[in-house]
Asker: 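This structure is in C-alpha cells; I'll ask about it shortly.
It should be emphasised that the depicted structure is a prediction, and the values quoted were computed from it without experimental measurement.
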Amino acid sequence: MACKVLIVERELLVARDIQSRLGRLGYQVAGAASNGREAVSMALAIMPDLILIDLDLGGDMEGIEVVIKIIKSAFFPVIFCAARAKDTFIERAAQLSSSGYSFGYLQKPFGNHELQISIKLALSRHGMERALAARVMYLDAMLDSIGDGIVVADTAGRIMLSNLAAEKIIGVDRHTAFNLRLDELVKTSAFRQDTAKPPAHDGFTVPQQCSGIRQWLWRQDERQVPVELSVHCPDASLTVLSLRDISEQLAHEENLRRDAFHTALFDDLTGLPNRALFIERLKPLVSGQQNRPVQFAILLLGIDELSAVNDSLGREVGALVIKEVGNRIASTLAETQPTATVARYDEDIFAVLLDSLDTPDPIATSALVSHQILAALHRPLSAGDTLLNLRVSVGMAVKRDEPASADEMLRDASLRLYQAQSGAKPVEDEMSVNTARFTSRQHRLQQALLEGGFEVHYQPVLNLAEGKLVGLEALLKWQDPSHDTVLYDPVTSVEFAPIAEATGLSLPLGRMMMQEVCDQIRQWQNLEFQNINVAINLNESQFEIDMVALVWAALNAAGIEPARLGLNITEEVAVNIQRGSRDNLAQEGTPKLRMLKKLQASGVKISIDNFGIGRASLSHIRRLPLTGVKIDPSLIDDITRRKDAAETVFAINALAHSLKLTVLARGVTTAEQADALQDCGCDYAQGSFYTSPVPAAEMTEYLKNYYDA
C-alpha cells in the first residue's frame with residue numbers, strides 16, 4: 001500500500017507541485033492543508049503515514065508549533081521544509097530531539113531525489129523509533145511485573161532505571177530517583193534481629209557481588225524496612241541492585257517458631273496442653289522442686305463411647321465431642337481450681353493436674369472435683385445436629401506425703417480408669433439406641449444410592465385463583481426396606497439430614513436429582529408440554545461446591561432454559577449463607593450468596609421453603625435474590641382452626657407481595673384450607689388436596705390429561 005502523505009504548505013502552487021511530484025514517486029497524497037489549524041485537524045482525522053510541512057506557514061502558528069500540537073495526540077514522522085532554517089527553529093528542534101522525537105529537514109528548493117531519500121529515511125527512522133518505544137514499554141512492563149525492587153546505576157552511582165516495586169519499597173517515585181545517586185537513594189544498615197530498633201544508617205556503598213544479604217533499608221520518609229539485598233555487576237559500567245521487602249517473611253518465620261512450639265506442647269484440636277506438656281508440669285511436683293511439701297492429684301477422664309461415635313456418626317462429630325468435653329472440663333475448673341492443668345492426654349482421654357490441694361483431706365477434695373467434672377460431662381452434648389449422652393469414667397491418683405514418681409502416679413491413675421471402664425455395666429440408653437439406628441440407616445441409604453433405590457416424584461403447583469397448573473415440585477422418594485412407610489426427600493428431612501450430611505450422601509444425591517429432573521423437563525418439552533417449571537430442594541452442604549457450575553452443567557446437558565428450573569432453600573440455609581457478609585451484603589456478599597445471585601441472574605427461580613417457622617427475617621429476605629416464598633405446612637394445618645395462624649399467613653403474603661415475591665402454600669389437604677389461603681392472598685398452592693407426589697410416568701399421564709382438557 002502506497003505511503004499516505006499530508007502536505008502542509010501555505011503557497012497553493014508549491015503545494016500542487018509537491019503533490020504532483022509525490023504522485024510520480026509512487027506516494028499517495030492524503031490531503032493538503034494551507035494553515036496550522038487546518039493541518040492539526042486533518043492530521044488527526046486522516047492519520048497519514050508522513051507529514052511534509054513548511055516551517056513558515058504564516059498566521060498564528062508556525063510549522064514546528066503545528067507539529068508539537070499534533071504529536072501530543074498522535075506520533076507521525078515529519079519532514080520540515082524551508083528556504084533556510086531560522087535560529088528559532090534550530091532551538092525548538094533541539095528541544096524536540098531531547099524529548100525523544102526526531103524529524104527530517106529539506107531545504108527549498110529540493111529535487112525529487114532528495115525528496116524521496118528524505119521520505120524513506122523519515123519512515124525508516126520512525127519505524128525504528130516505534131519499535132524501540134515498544135521494546136522499552138515491554139521492558140518497563142516486564143520490570144514492573146517483578147515482585148522484587150530493581151535499581152540500576154552506572155559506575156558513577158547515577159540512577160539509570162528503577163521499577164514499581166523499588167518505588168514502593170524505597171518510598172520514592174522513579175522520576176525523583178533519577179535525580180539521586182545510589183548512595184542517596186538506597187540507605188542501609190547492618191541487620192540484627194536481636195535489636196529492638198535498627199542502628200543509624202550510614203548510606204549504601206557499592207559492595208562486591210552478593211546475594212540474599214539481610215539489611216535494614218531506610219526509606220525516604222525515614223521509616224525502616226527489613227530487606228533482602230542482592231547486588232549483580234554484569235560489567236564494569238553497571239550495578240544492578242535487587243531489594244525484597246521481608247517484613248511478611250520475618251513475621252511468617254516468627255509464626256512458624258511459635259507454631260512449632262505450640263505443636264510440640266499443645267493439642268491441635270482442643271488447644272489444650274498435650275501429654276508432653278502435662279508431664280513437664282507434673283515432674284517438678286513429684287520431684288519436690290517447690291521447696292515445700294505439695295499435695296496434688298491426677299485425674300484421667302476417659303470418654304467411653306468415642307470409638308462408637310466415630311464409627312457411627314463420623315470422625316467430624318467425634319472431633320466436636322472431644323472439643324466440647326475439653327471445654328466443659330476447663331470451664332468446670334476455672335473458678336474452683338484456677339491453677340489446674342487440663343490436657344488432652346490421649347485420643348479419648350483427658351488429664352487434669354490438681355497442683356495445689358492445700359486441704360486436710362486431698363482425696364476427698366479430688367473426689368469432689370471429679371464429681372463436679374462428671375456432672376458437667378453427663379449433661380446432653382450437642383454435636384452438629386446430633387444430641388448425645390456421653391458416659392465418662394475417671395481414674396484418680398493423689399500424692400500426699402509418700403514419695404512417688406510421675407510414671408508411678410500416671411500408672412495408678414490409668415489403672416483406676418481401666419477398672420472404672422471395664423467394671424461399667426452395658427446400658428441400653430438413648431445414645432446407644434440412636435447410634436444403632438443411625439448406623440443402620442446410613443448403611444441402607446448408601447446401598448440405595450449404589451443400587452438405584454431412589455426415585456424422583458413430582459407434585460403439581462396450582463394457581464389458587466384460577467386452578468391452573470403453574471409448575472411442579474420434585475421430591476426424592478425412598479422406600480426404606482425396614483419400614484412400612486414411604487419417606488420423601490430424605491436428604492432435606494429432619495430425620496435424614498444428619499445421616500446424609502455426616503456420610504457425604506447429600507452431594508451425590510443432589511447431583512443425581514438435579515440431572516434427572518433437568519432430563520425429565522426435556523422429555524416433557526419433547527412431548528410439547530410447554531413451560532414446565534420444576535423446583536428442587538437444596539440443603540446447605542450443596543453450597544460447599546460450585547453450585548453454579550453444577551446447575552449449568554445439568555441444564556446444558558439436558559438442553560433446557562434456566563427459567564424452567566427452581567431452587568428451594570430453607571430459612572436456616574437462607575440465614576447461614578449470608579453469615580459473615582455484614583455490611584457488604586447488598587453489593588457482594590458471601591461466596592454462597594454470590595452463587596445464588598448468579599443463578600437468579602441466569603433465570604433460575606429462587607424461593608425460601610418452609611417459611612414462617614424459622615429464623616429468616618425481613619432483612620434476610622430483602623438481601624436474597626428471591627422470586628418467591630413457600631409457607632410451611634404447619635401453618636396451613638392451623639389456618640382454619642386458629643386465628644393467629646391465619647393472621648401469620650396473611651402477614652407473610654403482605655410482606656412477600658411488598659417485595660414483589662410470589663407466595664406458595666405447601667401441604668394443602670382440604671377445600672377449606674384452599675379457600676382460606678385464597679382469602680389471605682396466596683398466589684399458589686400444592687398438597688394432597690390437589691394431587692399427591694407421583695412418579696414421572698404417572699405425572700406424564702397427568703400432564704397429558706391436563707393439556708388435552
Side-chain angles (χ1 to χ4, degrees), residues 261-307 321-323 325-378 390-425:
F261 172 79
H262 194 276
T263 301
L265 298 176
F266 290 86
D267 176 57
D268 289 338
L269 179 60
T270 63
L272 297 172
N274 60 14
R275 180 199 292 252
L277 183 54
F278 182 83
I279 294 174
E280 284 299 310
R281 293 182 179 179
L282 174 62
K283 284 180 177 178
L285 294 175
V286 296
S287 62
Q289 295 179 12
Q290 277 64 38
N291 299 321
R292 63 182 180 85
V294 176
Q295 299 181 134
F296 62 90
I298 295 174
L299 308 179
L300 294 183
L301 299 115
I303 307 171
D304 296 345
E305 294 99 351
L306 184 61
S307 59
V321 169
I322 292 169
K323 291 176 69 174
V325 168
N327 288 337
R328 290 192 185 186
I329 296 173
S331 299
T332 302
L333 297 174
E335 294 185 7
T336 60
Q337 299 288 331
T339 63
T341 296
V342 181
R344 188 181 178 195
Y345 191 75
D346 207 341
E347 181 179 4
D348 57 355
I349 296 176
F350 286 85
V352 175
L353 177 59
L354 303 174
D355 57 357
S356 183
L357 294 177
D358 295 330
T359 63
D361 191 345
I363 295 178
T365 302
S366 301
L368 176 61
V369 172
S370 299
H371 287 303
Q372 291 171 341
I373 295 173
L374 291 176
L377 295 178
H378 285 162
L390 293 180
R391 195 170 67 84
V392 178
S393 301
V394 61
M396 182 174 67
V398 180
K399 165 69 167 64
R400 291 180 290 180
D401 299 327
E402 68 276 7
S405 67
D407 290 340
E408 289 173 339
M409 291 199 66
L410 289 170
R411 182 195 61 202
D412 291 346
S414 298
L415 177 61
R416 293 187 175 100
L417 173 61
Y418 170 76
Q419 291 171 341
Q421 290 177 324
S422 61
K425 297 180 180 180

Asker: Quick one: closest heavy-atom pair of Asp355 and Ala340, and the distance?
Answerer: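 Smallest interatomic distance, heavy atoms only, reads OD1-N, 4.1 Å.
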Asker: Verify side-chain contact (heavy atoms from CB on, under 4.5 Å) between Val342 and Phe278, making sure each step is shown before the conclusion.
Answerer: CA-CA 8 Å; Val342 181; Phe278 182 83; over 6 Å; no
Asker: Hey, could you give me the CG/NZ distance between Asp407 and Lys283, rounded to the nearest 0.5 Å?
Answerer: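 Those atoms lie 8.0 Å apart.
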Asker: Have Thr270 and Arg344 got a donor and an acceptor in their side chains that come within less than 3.5 Å?
Answerer: no
Asker: Is any side-chain heavy atom of Leu285 less than 4.5 Å from a side-chain heavy atom of Leu353?
Answerer: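 Heavy-atom side-chain distance check passes, below 4.5 Å.
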Asker: Counting only N and O atoms by type, is there a donor-acceptor contact under 3.5 Å from the side chain of Arg416 to the main-chain atoms of Met396?
Answerer: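 Yes: the side chain of Arg416 pairs with the backbone of Met396.
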Asker: For Ala297 and Ser366, work out which heavy atoms get closest and say how close.
Answerer: CB-OG, 3.2 Å
Asker: Could you give the distance from CG (Asp348) to CG (Leu301), rounded to the nearest 0.5 Å?
Answerer: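 The CG atom of Leu301 is 11.5 Å from CG of Asp348, to the nearest 0.5 Å.
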Asker: Does a side-chain heavy-atom distance below 4.5 Å link Leu390 with Val321?
Answerer: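 When only atoms from C-beta onward are counted, Val321 and Leu390 do touch, with a gap below 4.5 Å.
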Asker: Where is the tightest heavy-atom contact between Ser370 and Val394, given as atom of each residue plus distance?
Answerer: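 Answer, listing the atom of Ser370 first, then Val394: OG-CG2, 4.1 Å.
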Asker: Between CG of Leu377 and CD of Gln372, what distance do you get to the nearest 0.5 Å?
Answerer: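 Reported to 0.5 Å precision, the distance equals 12.0 Å.
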Asker: Looking at side-chain heavy atoms only, is the closest gap between Leu265 and Pro273 below 4.5 Å?
Answerer: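 Side-chain contact under 4.5 Å: no.
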Asker: Identify the heavy atoms of Leu300 and Ser414 that sit nearest to each other, and give their distance.
Answerer: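 That would be CD1-OG, 3.4 Å.
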Asker: Looking at CD of Glu408 and CD1 of Ile298, how far apart are the two atoms once the value is rounded to the nearest 0.5 Å?
Answerer: 11.0 Å
Asker: Is any side-chain heavy atom of Leu410 closer than 4.5 Å to a side-chain heavy atom of Ile279?
Answerer: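 Yes, side chains in contact.
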Asker: Taking the side chain as everything from C-beta on, heavy atoms only, tell me whether Asn274 gets closer than 4.5 Å to Tyr345.
Answerer: no
Asker: Rounded to the nearest 0.5 Å, what separation is found between the CG atom of Leu277 and the CG atom of Asp267?
Answerer: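 Leu277 atom CG to Asp267 atom CG measures 11.5 Å (nearest 0.5 Å).
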Asker: Just wondering, do Val325 and Ile303 contact through their side chains at under 4.5 Å, heavy atoms?
Answerer: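 With C-beta onward as the side chain, the pair touches.
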Asker: What I'd like to find out is whether the side chain of Leu354 reaches to under 4.5 Å of the side chain of Val352, using heavy atoms alone.
Answerer: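 They are in side-chain contact.
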Asker: Measure the spacing between CZ of Arg328 and NZ of Lys323 and express it to the nearest 0.5 Å.
Answerer: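 Between Arg328 CZ and Lys323 NZ, I get 14.5 Å after rounding to 0.5 Å.
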Asker: Is there a side-chain contact between Ile322 and Phe350 in this structure, where contact means two heavy atoms from C-beta onward sitting under 4.5 Å apart?
Answerer: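 Yes, their side chains come closer than 4.5 Å.
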Asker: Do you know which two heavy atoms are closest between Ala376 and Thr332, and how far apart they sit?
Answerer: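 The answer is CB-OG1, 3.4 Å.
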Asker: For residues Ser393 and Leu417, report the shortest heavy-atom separation together with the two atoms involved.
Answerer: O-CD1, 3.4 Å
Asker: Could you walk me through whether Gln295 and Val398 satisfy the side-chain contact (heavy atoms from CB on, under 4.5 Å) test, starting with their C-alpha distance in whole Å, then the side-chain angles of each, then the deciding distance to 0.1 Å, before giving a yes or no?
Answerer: CA-CA 8 Å; Gln295 299 181 134; Val398 180; over 6 Å; no
